[in-house]
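Here the structure comes first, spelled out in structure tokens, and everything after it is commentary.
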There are 2 protein chains.
Amino acid sequence: MGSTMHDVARLAGVSIKTVSNVINDYPHVRDVTRNRVLDAIGKLDYRPNLSARGLRSGRTGFISLVIPAVRENYFAELAHAVIGQAERHGLWVMIEQTGGDRKAELQAVSGTGRPHFVDGILFNPVGLHPSDVSSFDRTVPMVLLGERIFGGPTDHVAIENISAARAAVQHLVQRGRRRIAVVGASLDGMEEVGSAGLRLQGYCQALEEAGIPLDPDLVRPSGAWNREAGALAVTGMVEEGVDFDAVFTLNDTLGLGALRGLASAGISVPEDVALIGFDNIDETLYSVPSMTTVDPGRSSIAVTAVDLLVERISGKGADTPPRTIRSSFEIIERESTGSAAPGIGTAAAH
Amino acid sequence: MGSTMHDVARLAGVSIKTVSNVINDYPHVRDVTRNRVLDAIGKLDYRPNLSARGLRSGRTGFISLVIPAVRENYFAELAHAVIGQAERHGLWVMIEQTGGDRKAELQAVSGTGRPHFVDGILFNPVGLHPSDVSSFDRTVPMVLLGERIFGGPTDHVAIENISAARAAVQHLVQRGRRRIAVVGASLDGMEEVGSAGLRLQGYCQALEEAGIPLDPDLVRPSGAWNREAGALAVTGMVEEGVDFDAVFTLNDTLGLGALRGLASAGISVPEDVALIGFDNIDETLYSVPSMTTVDPGRSSIAVTAVDLLVERISGKGADTPPRTIRSSFEIIERESTGSAAPGIGTAAAH
DNA sequence: GTGAAAGCGCTAACAC
DNA sequence: GTGTTAGCGCTTTCAC
């Protein structure tokens, strides 16, 4: 083990309290004393023991970020933003992965079985039912990200899934597309309040507004939201001879896979088929063709969420009722919906 | 605060020691007693306080993974693998980002100023000099990942940068390419032992073996190893009228950017220019065209590294000298170097 | 097989 | 402005 406060105090010829004062930036310490202490700290290579501090103060300086998987780009970028903002508040972030599984999410967030450790939780649910809010851990502050789970006991930074998805489809409609496929959800799941259900609702609303009838053949479920599923969804449509001139993938990763699938099928984007994604992950800028997508305001989500959490942790506004902040989205137009005449290729073959 | 061991002990009608025994799976506890304790734990929703446990036992159950940025796909995938393997040993992982900056890396890993907390450190250096090993924190077990920094005081899971890079270039040579550009390093930095320098050495060796003279115009430095830099590097060559029929990007992200840049320039891959990357990140499978790359054996690196670290933490083999494990690499051939006649396009214009 | 008690390193009253 | 001291919740040695 390393040296302790006592060692530092002894070497500096002061009491342990003074050492503590210096470390915690307590203002009323004379410069001479402070320097003596800092000297001793340097000499001994002293580092505070976080366990002891946590035990005593009830604060550990850690928050946890509960997400499906860092490996998914959207969450990697979210984590990046969260870590950065947390650092500004002097907080460390530990990442807890759930795999998007409802049970694992409940486990992570109900606190059951989880040792008591973090000062707060940032939670991006994916598989949860709205009724699950009742089993949230109430003993530690929590902020919800992403989904809109209304009436929960916690603060919530919500993505405007429905209106953002509607805007995405409107973007395609405005470019003359009529046979717009959606990848990543099934009509059965539309009642659900996860991203899938909500974004699908937005899709339906946009079609209705444009007077385009809903064609079930164009609604393509996909198990996971990964590249493989995206590729399979579009090649599936091609094999089945489904006629389509545009694709709205419910996230960018599906979109990147779809782009890949379309290329394999010899379908050119955006000439034959236009494509729009959702998330604005880094890669969409560098795909071939670059991908039009919906930016859900990820970095502002991270900043807002961390700030809300810090406020709750600090106890300020303990009596403030749960707040819901809606993040603002934006369509980022790139090549995959750019220019060119719509509806040739597979669509023309119809 | 939640309930403590005392509460559980009182409710179960046993002593605090017995509760501790149950929690820590101490074998000699009667089933009746154990069940009574477990009941009480359930009723009180008791969760052990990790700070207290850490303070008392000297173990926190956390290891830290020090990487440039989760946001970079390679590291996101590495983190994923590490978290999974750590879980198997009952360890949590906290991610520390350095931005690839030498100072930040030293800071993260020298321990100076960092509170004493984790049981072990997994460190993937990127900007470090070999001499920096002297300032490593020796008070906590550490395993180095990736670079080959010889003679350090720690275990080390090394990527075979030189031979893997040589194999990548050989792969291009075998497909008839002669004007092979390399993106991501400069000849000035070849003496350095970072990934860039080592991989560049492999490039040079392969050329020499193939009897291809080194053309400085084909060695393209790039500040960062991101998509943008990859795109700029290839468009830069096109604008300068440099003749090339293949590109070796020192990582996949550069490669994805290069693919994008080549597409923008109207150069087709692999017909005009073949491309090979390094890392085998998920996306290379779904890029258009799919990307040939070097798989450095990431998941086995993660498993090996965590296992080595756990061994050091547990104190087993405390007298074992530092070990270096070399991970085995593999060329994953995909479309970007597949088929087709080499050296047309820009190369033919030469 | 279970209990009593010491103490890990720190923070925060409270004295002075 | 600095020192004394109690105790956070747990593990662990040692009795019994």
Any side-chain N or O of [X] less than 4.0 Å from the OP1 or OP2 oxygen of [N]?
X: Ser20(A); N: dT11(C); result: yes
X: Arg53(A); N: dT11(C); result: yes
X: Asn21(B); N: dG1(C); result: no

Between [atom2] on [N] and [atom1] on [X], what's the gap in Å once rounded to a whole number?
X: Met5(A); N: dT4(D); atom1: CE; atom2: C1'; answer: 15 Å
X: Tyr26(A); N: dG1(D); atom1: OH; atom2: P; answer: 9 Å
X: Arg56(B); N: dG7(D); atom1: CZ; atom2: C1'; answer: 15 Å
X: Ile23(A); N: dC10(C); atom1: CD1; atom2: P; answer: 7 Å
X: Ile16(B); N: dT13(D); atom1: CD1; atom2: C1'; answer: 14 Å
X: Asn24(B); N: dG9(D); atom1: CG; atom2: P; answer: 17 Å
X: Asp25(B); N: dG1(C); atom1: CG; atom2: P; answer: 16 Å
X: Arg59(B); N: dG9(D); atom1: CZ; atom2: C1'; answer: 19 Å

Inset, instruction - Scan Thr154(B), Thr320(B), Asp155(B) and name whichever one has a side-chain hydrogen bond (donor to acceptor under 3.5 Å, both in side chains) with Arg312(B). - result: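 Result: among Thr154(B), Thr320(B), Asp155(B), Asp155(B) is the only option passing the side-chain hydrogen bond (donor to acceptor under 3.5 Å, both in side chains) with Arg312(B).
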Legend entry - Ion pair check, Arg47(B) and Asp137(A), cut-off under 4.0 Å: yes
Inset, instruction - Answer yes or no: is there an ion pair linking Asp39(B) with Arg36(B), defined by an N-O contact shorter than 4.0 Å? - result: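 Result for this pair is no, no salt bridge flagged.
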Inset, instruction - Name all residues meeting the salt bridge (Lys or Arg N to Asp or Glu O under 4.0 Å) criterion together with Arg102(A); count only those two or more places apart in sequence or in a different chain, and write none if there are none. - result: Asp132(A)
Nucleotide nearest [X] (side chain, heavy atoms from C-beta), chosen from [options]:
X: Ser15(A); options: dG3(D), dT2(C), dG3(C); value: dG3(D)
X: Leu55(B); options: dG9(D), dT11(D), dG1(D); value: dG9(D)
X: Asn49(A); options: dG9(C), dT12(D), dG1(D); value: dG9(C)
X: Ala52(B); options: dC10(C), dC10(D), dG1(D); value: dC10(D)

Inset, instruction - Select base, sugar-phosphate, or nothing to describe what Thr4(A) touches, counting heavy atoms under 4.0 Å on all strands. - result: sugar-phosphate
Inset, instruction - Just call it for Thr33(A): base, sugar-phosphate, or nothing, with non-hydrogen atoms closer than 4.0 Å on any strand. - result: sugar-phosphate
Legend entry - Asp307(B)-His89(B) side chain donor-acceptor pair, cut-off 3.5 Å: yes
Legend entry - For the student: nearest non-hydrogen atoms of Ala76(A) and Ala76(B), plus distance: CB-CB, 4.3 Å
Inset, instruction - Mark yes when over 12 heavy atoms from residues, nucleotides or ligands other than Arg323(A) sit less than 6.0 Å from its CZ; otherwise mark no. - result: yes
Inset, instruction - Would you mind reading off the bend of the helix from dG1(C)-dC16(D) to dC16(C)-dG1(D) from its two end axes, five pairs each, to 10 degrees? - result: 30°
